[in-house]
Amino acid sequence: MSDELSPILRARREKLDKLRERDLEPFAYRFERSQTSAAAREAFESAESAGALPEDGHGAVARVGGRVVSWRGHGKSAFAHIEDGDGRIQLYFKKNVLGDESFDLALEMLDLGDWIGVAGAPFRTRTGEVTVRVDEWQLLTKSLRPLPFGKVEVDAETGERVVHSGFADTESRYRQRYADLAVNPEVRDVFRTRAQIVRELRQALDDAGFLEVETPALQPLYGGAAARPFVTHHHALDREMYLRIADELYLKRLIVGGYEAVYEIAKDFRNEGIDRFHNPEFTMLEFYRAYWDYHDLMDFTEALLARVVAAVVGGSRIDFQGTEISFEAPFGRIRFMEALGEALEADPATLSDDDLRARARALGIEDMGTAGRPRVLDKLFGELVEPGLVQPTFVMDHPIELSPLAKPHRTDPGVVERFELYVNGAELANAFSELNDPLDQRSRFEAQTELRDAGDVEAHQVDEDYIRALEYGLPPTGGLGMGVDRLVMLLTDQASIRDVILFPVLRAEE
RNA sequence: GAGCCGGUAGCUCAGCUGGUAGAGCAACGGACUUUUAAUCCGUAGGUCCUGGGUUCGACCCCCAGCCGGCUCACCA
């Protein structure tokens with residue numbers, strides 16, 4: 001930081017110096033806390049309702065710690081709130097209780113943002129708030145930079161918190177997430193819910209007999225999705241390596257190895273654009289189960305999401321940005337070509353490539369000149385059908401060229417046994433009956449190679465080792481990938497992926 | 001990558017037709033021993049995102065750039 005401190009920072013440094021001059025340690029080593037703020041309040045209230053409080057109305061002494069988040073001085077007394085992991089509790093500093101020295105020190109030295117520990121007896125103020133009368137206090141950490149606190153107003157009738165002029169600048173909130181979290185408790189709640197969602201997913205899979213595994217994030221070849229990778233270099237091996245874009249091919253190798261059901265919740269990395277649905281690193285759940293096909297996966301996915309939604313929001317319905325979404329099974333199921341045919345009011349199979357391109361152009365889709373037929377179908381689908389898929393819907397049976405790792409449909413030529421789950425017009429999961437014919441897999445990879453040679457940087461590479469694994473024998477297997485961040489967005493009602501990722505990728509600050 | 005919007009005090013924001021920057025909160029000093037957006041009196045605080053240009057004069061107009069948001073493009 002700069003050598004010239006702003007006056008506001010200098011004032012705090014001066015307090016720090018004064019504390020040290022008085023041999024008061026501004027950065028303590030520990031604090032013996034007896035209870036959290038919430039526990040202290042509950043203990044007082046239960047004593048109160050049991051009629052167990054002494055004459056003076058004060059409960060048993062509590063030792064609580066936290067960050068000073070508000071301060072209202074009244075001369076020879078002061079009210080403050082501290083906040084800990086459980087919430088806020090009011091403190092009452094009183095000169096004749098603390099003594100002149102301790103009281104004056106608090107007035108002189110304490111700032112919003114400081115961490116303190118206090119010991120004192122809880123009581124109920126005239127206005128009814130459970131409050132700790134501070135008998136002793138101790139500075140735990142001096143804050144040298146003011147946190148961007150707003151003023152919190154609690155509506156007396158509804159009990160709702162209204163924050164006035166808080167910390168709102170999106171850029172600063174993402175860059176300084178620590179400050180965002182420190183002053184916006186509802187942001188902390190989002191990430192608690194995120195942890196709950198991941199925990200629930202994990203438990204559901206464990207309960208269903210899946211084995212949690214870890215596969216390489218650093219890979220010699222990347223695959224399992226169509227995306228540009230991050231490329232890095234291993235010095236000792238002197239070779240290029242890639243950050244994974246998906247776990248898929250490794251997880252299926254494990255099914256070859258004899259595990260019947262595996263899953264992984266991991267970061268994937270894709271070297272692509274950033275917007276409110278995409279962060280370059282994101283969390284993906286993938287699971288694979290022997291003997292299942294994509295119908296089994298759909299049934300399981302419905303149950304999995306129902307369980308998570310029930311655990312997190314307590315029901316089957318959520319409100320997302322003003323839209324009600326129901327996760328009640330069964331989800332809608334539509335077939336890719338049929339849905340597209342309805343939207344086009346014509347059977348896509350009977351339309352020529354030129355017809356399809358003309359339709360795309362009519363919709364304002366550009367750059368369709370070099371795209372192959374499946375690609376055009378995909379674009380048309382994205383434009384015409386996807387936005388309407390608000391309630392959870394499985395889109396089934398995609399064109400084979402779009403799905404190099406999926407098994408051909410058992411009766412319908414030209415398509416594969418695949419589904420994508422759409423919610424609120426966005427893709428949440430992608431799954432298929434896994435292609436387990438190594439000869440077919442090789443020719444699919446080779447078709448990808450042609451796309452690659454034609455300049456498609458996202459086309460698959462040929463993974464010889466993966467084909468070798470398939471040659472040993474992959475049992476019939478169903479596999480699914482789900483974007484965990486997007487699920488968290490839905491269940492926490494956040495419109496941007498950056499609001500469910502603690503430290504989203506941003507450009508350099510300078 | 002394109003379009004639109006934004007960047008002014010620590011925070012939230014205002015700033016007219018171009019005339020030399022303001023409020024609330026926070027800070028600092030003072031009053032106040034049950035307040036809670038505490039209140040009252042006073043004080044201080046600015047690289048107006050950066051760099052050019054136009055002008056007697058630029059927070060304001062023009063050009064270029066940086067950063068962020070949204071939309072589009074991209075994206076299994």
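Side chains are part of it too, since the values below use all heavy atoms of this structure and drop only hydrogens, waters and symmetry mates. Chain A is the first sequence line, chain B the second, and so forth, proteins listed ahead of strands; every chain is numbered from 1.
- No side-chain donor-acceptor contact under 3.5 Å links A/S37 and A/R88.
- When all heavy atoms of A/A40 and A/I89 are compared, the pair lying nearest together is CB-CD1, 4.3 Å.
- Contacts of A/P504 with the nucleic acid, taken as non-hydrogen atoms under 4.0 Å apart, are absent.
- If you check distances only, the side chain of A/Q90 does reach the base of B/U35 with a donor-acceptor pair under 3.5 Å.
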For the pair A/W71 and A/F149, evaluate ring pair (Phe, Tyr, Trp, His ring centres under 6.0 Å) and give the outcome as yes or no after the intermediate values. CA-CA 12 Å; A/W71 184 270; A/F149 288 111; over 10 Å; no
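- B/C49 sits 10 Å from B/C59 when the P atoms are compared, rounded to a whole Å.
- One atom, CZ of A/R145, and another, C1' of B/A9, lie 15 Å apart when rounded to the nearest Å.
- Using C1' as the reference atom, B/C60 and B/U55 are 13 Å apart when rounded to the nearest Å.
- A/H398 contributes no side-chain N or O that, together with a main-chain N or O of A/V416, makes up a donor-acceptor pair within less than 3.5 Å.
- Counting any heavy atom pair closer than 4.0 Å across all strands shown, A/H81 reaches a base atom.
- Toward the 5′ end of RNA chain B lies the nearest nucleotide of A/G75, the other residue of the pair A/G75 and A/A80 mapping further downstream.
- Distance CD1 (A/I400) to P (B/A76): 18 Å, rounded to an integer number of Å.
- At a threshold of 4.0 angstrom between heavy atoms, the contacts of A/A168 are confined to the sugar-phosphate backbone, with no base atom among them.
- A donor-acceptor contact under 3.5 Å is formed by the side chain of A/T125 with the base of B/U35.
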Each nucleotide N or O in nucleotides 25-28 of chain B that has a protein N or O under 3.5 Å away: list the pair and distance.
unit_1: B/C25; atom_1: O3'; unit_2: A/K151; atom_2: NZ; d: 3.1
unit_1: B/A26; atom_1: OP1; unit_2: A/K151; atom_2: NZ; d: 2.6
unit_1: B/C28; atom_1: OP1; unit_2: A/K15; atom_2: NZ; d: 2.5

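- Straight-line distance from the CG atom of A/D169 to the C1' atom of B/A9: 15 Å, rounded to whole Å.
- Out of B/U34, B/U12, B/A76, the shortest distance to the side chain of A/R418 is found at B/A76.
- Within the 4.0 Å cut-off from OP1 or OP2 of B/U35, not a single side-chain nitrogen or oxygen of A/R72 is found.
- Annotation: B/A37 and B/C48 have their C1' atoms spaced 28 Å apart (nearest Å).
- Across all strands shown, B/C32 forms no Watson-Crick or G-U wobble pair with both distances under 3.5 Å.
- Between A/F300 and A/F287, a ring centre-to-centre spacing shorter than 6.0 Å is recorded.
- Where A/G73 and A/Y92 meet RNA chain B, the nucleotide closest to each residue was compared, and A/Y92 sits on the side nearer the 5' end.
- Here the rule is salt bridge (Lys or Arg N to Asp or Glu O under 4.0 Å) with A/D180, and of A/R173, A/R498, A/R175 only A/R173 fits it.
- Residue A/E272 contributes atom CD, which lies 15 Å from atom P of B/G1 at whole-angstrom precision.
- Regarding A/R173, its CZ atom lies at a distance of 14 Å from the P atom of B/C11, rounded to whole Å.
- Across the strands present, B/C61 finds its partner in B/G53; the criterion is a Watson-Crick or G-U wobble pair with both atom distances under 3.5 angstrom.
- Base pairing analysis places B/A2 opposite B/U71; the two distances defining the Watson-Crick or G-U wobble pair are each below 3.5 Å.
- Across B/A14 and B/U8, the matching P atoms stand 10 Å from one another, rounded to whole Å.
- Per the geometry, CG belonging to A/D180 stands 11 Å off P belonging to B/U12, to the nearest Å.
- Counting to the nearest Å, the C1' atom of B/A76 and the CZ atom of A/R228 are 17 Å from each other.
- B/A26 and B/U12 have their C1' atoms separated by 11 Å, with the value rounded to a whole Å.
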Decide side-chain hydrogen bond (donor to acceptor under 3.5 Å, both in side chains) for A/K76 and A/N96; before the verdict, give the C-alpha distance in whole Å, the side-chain angles of both, and the deciding distance to 0.1 Å. CA-CA 8 Å; A/K76 296 185 179 62; A/N96 63 348; over 6 Å; no
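- Pairing for B/A27 goes to B/U43, judged as Watson-Crick or G-U wobble with the two contacts each under 3.5 Å.
- Rounded to whole Å, the distance from NE2 on A/H58 to P on B/U34 is 13 Å.
- Taking the centre and axis of the six-membered ring of A/Y250, the NZ or CZ atom of A/R253 falls inside the cone set by 45° and 6.0 Å.
- Distance check on atom P: B/C4 versus B/G22 gives 33 Å, rounded to whole Å.
- For B/C67 and B/G51, the C1' atoms lie 15 Å apart once the distance is rounded to whole Å.
- Among residues two or more places apart in sequence or in another chain, the salt bridge (Lys or Arg N to Asp or Glu O under 4.0 Å) test is passed with A/D104 by A/K95.
- B/G6 sits 15 Å from B/U17 when the P atoms are compared, rounded to a whole Å.
- No hydrogens or angles considered: a donor-acceptor pair under 3.5 Å links the side chains of A/D397 and A/Y294.
- A donor-acceptor pair under 3.5 Å links the side-chain atoms of A/D293 to the main chain of A/D296, judged by distance alone.
- Side-chain N/O atoms of A/Y466 and A/K252 include a donor and acceptor closer than 3.5 Å.
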I'd like a list of close polar pairs between nucleotides 68-72 of chain B and the protein, N/O only, cut-off under 3.5 Å.
unit_1: B/G68; atom_1: OP1; unit_2: A/R507; atom_2: N; d: 2.6
unit_1: B/G68; atom_1: OP2; unit_2: A/R507; atom_2: NE; d: 2.9
unit_1: B/G68; atom_1: O4'; unit_2: A/E171; atom_2: OE1; d: 3.0
unit_1: B/G69; atom_1: OP1; unit_2: A/R498; atom_2: NE; d: 2.8
unit_1: B/G69; atom_1: OP1; unit_2: A/R498; atom_2: NH1; d: 3.4
unit_1: B/C70; atom_1: OP2; unit_2: A/R498; atom_2: NH1; d: 3.2
unit_1: B/U71; atom_1: OP1; unit_2: A/R276; atom_2: NE; d: 3.0
unit_1: B/U71; atom_1: OP1; unit_2: A/R276; atom_2: NH2; d: 3.1
unit_1: B/U71; atom_1: OP2; unit_2: A/R276; atom_2: NE; d: 2.9

